[in-house]
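As structure tokens, the structure follows; a few thoughts come after it.
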Amino acid sequence: MTVSILLADDQEMVRTSMRIMIDVEPDLEVVGEAADGHLAVELAARLRPDVVVMDIRMPHTSGVDATLQIMNRPDAPAVLALTTFDLDEYLFGVLRAGAVGFVLKHDPAATLLEGIRAVARGEGFVSPGPTRRLITRVANGDSEPVQLPGGLTPRECEVLTLLGQAMSNTQIARRLHIEESTVKTHVQGVLTKLGVRTRVQAALMASRAGLVGGIGSVRKPETH
């Protein structure tokens, strides 16, 4: 099965570089390019790609606004945000808007390709280093604390805590000694109960709720 991709970036050289990386992959196909957010929204509706690689900073309509508009559609594709800096002020906005992950423009080609394939599978993708810095920034007071909703099972709390450590499904499965398919079920349950769409949003909530105390530090959720 071929994954169809829409590239959205205002720099033609960046789009060309990404297309060259993608075109040699037999399971990936670029179906369109957009030089601004407004065109990205139009092409996403017309071409219906599986994945949109979305630059956060673009003229006319920003990547944040474009992502929000795209995600409001019932048949929305997965959005993989593209940014120059991992703590870009717009990054929080695009993740809240529904992007399922992000890659850095200076990441190696393999990271971009891995990210595209991951979000196409519905898993989300963010490099662990940037993710932990992002989560630590939230934990250090860049966002208001939240109270987790009731109804999370003890296992779901464990999974949420590990999401807050930027762990993949495979890593969570190994840590908890369960099948990866079981992890996927728990992740979906966590997302539903938290009322969020992506695992990155769940990870940020874990930090804001105090489950993650910083890089490599985890706090056990309180039980009542």
Side-chain angles (χ1 to χ4, degrees), residues 1-37 39-41 43-44 47-58 63-64 66-67 70-71 75-88 90-91 94-95 97-135 163 165-174 180-181 183-184 187 197-203:
M1 181 177 174
T2 302
V3 176
S4 57
I5 303 157
L6 171 64
L7 302 177
D9 194 293
D10 61 321
Q11 299 181 37
E12 183 178 0
M13 185 167 58
V14 173
R15 298 197 310 273
T16 300
S17 296
M18 290 193 292
R19 179 183 278 274
I20 291 172
M21 297 177 198
I22 294 169
D23 279 348
V24 298
E25 301 297 316
D27 60 325
L28 305 177
E29 178 186 12
V30 176
V31 295
E33 296 184 21
D36 60 63
L39 183 56
V41 174
L43 291 180
L47 301 176
R48 301 181 67 181
D50 299 309
V51 176
V52 178
V53 179
M54 180 77 74
D55 184 20
I56 293 179
R57 295 173 178 260
M58 289 189 291
V64 177
T67 297
I70 289 172
M71 295 308 298
D75 56 346
V79 175
L80 181 66
L82 185 66
T83 181
T84 303
F85 305 105
D86 59 345
L87 291 182
D88 188 319
Y90 287 88
L91 183 56
V94 78
L95 294 175
V100 291
F102 73 92
V103 293
L104 305 180
K105 288 189 177 183
H106 61 259
D107 276 341
T111 301
L112 172 65
L113 299 175
E114 183 183 358
I116 290 172
R117 292 186 175 105
V119 301
R121 294 192 300 266
E123 295 182 4
F125 180 85
V126 185
S127 300
T131 302
R132 289 181 180 137
R133 287 193 292 275
L134 181 69
I135 291 169
L163 286 175
Q165 289 186 286
M167 286 194 180
S168 67
N169 287 349
T170 300
Q171 291 170 322
I172 293 174
R174 289 173 180 167
E180 191 169 342
S181 59
V183 174
K184 292 179 180 179
V187 170
R197 288 180 287 197
T198 74
R199 62 194 295 129
V200 178
Q201 291 172 327

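Count residues from 1 along the sequence. All values derive from a computational prediction rather than experimental measurement.
Rounded to the nearest 0.5 Å, atoms CG (Asp10) and CZ (Arg57) are 11.0 Å apart. To the nearest 0.5 angstrom, Leu28 atom CG is 6.5 Å from Leu113 atom CG. In this structure, CD1 on Ile116 lies 12.0 Å from CZ on Arg121, to the nearest 0.5 angstrom. The CD1 atom of Ile5 sits 12.5 Å away from the CG atom of Leu47 when rounded to the nearest 0.5 Å. Atom-to-atom distance recorded for Met21:CE and Leu112:CG is 6.0 Å, nearest 0.5 angstrom. With values rounded to the nearest 0.5 angstrom, Gln171 atom CD is found 9.5 Å from Gln165 atom CD.
Counting heavy-atom neighbours within 6.0 Å of Arg19 CZ, excluding the residue itself, gives a total above 12.
Exactly one of Leu82, Val30, Leu43 qualifies for a side-chain contact (heavy atoms from CB on, under 4.5 Å) with Leu7. That residue is Val30.
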request  = Take Ile22 and Val53 through the side-chain contact (heavy atoms from CB on, under 4.5 Å) test and state the conclusion after the steps.
outcome  = CA-CA 12 Å; Ile22 294 169; Val53 179; 5.6 Å; no
inquiry  = Between Lys105 and Asp9, is the side-chain contact (heavy atoms from CB on, under 4.5 Å) condition met? List the steps.
reply    = CA-CA 11 Å; Lys105 288 189 177 183; Asp9 194 293; 3.2 Å; yes
request  = Could you walk me through whether Val3 and Asp27 pass the side-chain contact (heavy atoms from CB on, under 4.5 Å) test, one step at a time?
outcome  = CA-CA 6 Å; Val3 176; Asp27 60 325; 5.5 Å; no
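Residue Ala76 comes nearest to Met71 through the heavy atom pair CB-CA, 3.9 Å, listed as atom of the first residue, atom of the second, then distance. Counting all heavy atoms, side chain and backbone alike, Val119 lies closest to Val100 at CG1-CG2, 3.3 Å. When all heavy atoms of Leu6 and Ala34 are compared, the closest pair comes out as CD1-N, 4.4 Å. Among all heavy-atom pairs drawn from Pro77 and Pro49, the shortest one is CB-O, 3.1 Å. When every heavy atom of Ala40 is checked against every heavy atom of Met54, the shortest pair comes out as CB-CE, 4.1 Å. Contact between Ala120 and Val51 at its shortest, heavy atoms only, is CB-CG2, 3.8 Å.
Judged purely by atom type and a 3.5 angstrom limit, Asp55 has no side-chain atom pairing as donor or acceptor with the backbone of Ala8. Judged purely by atom type and a 3.5 angstrom limit, Ser4 uses its side chain to pair as donor or acceptor with the backbone of Asp50.
Between Thr83 and Val94 there is no side-chain heavy-atom pair separated by less than 4.5 Å. With contacts defined as side-chain heavy-atom distances shorter than 4.5 Å, the pair Ile172/Leu163 qualifies.
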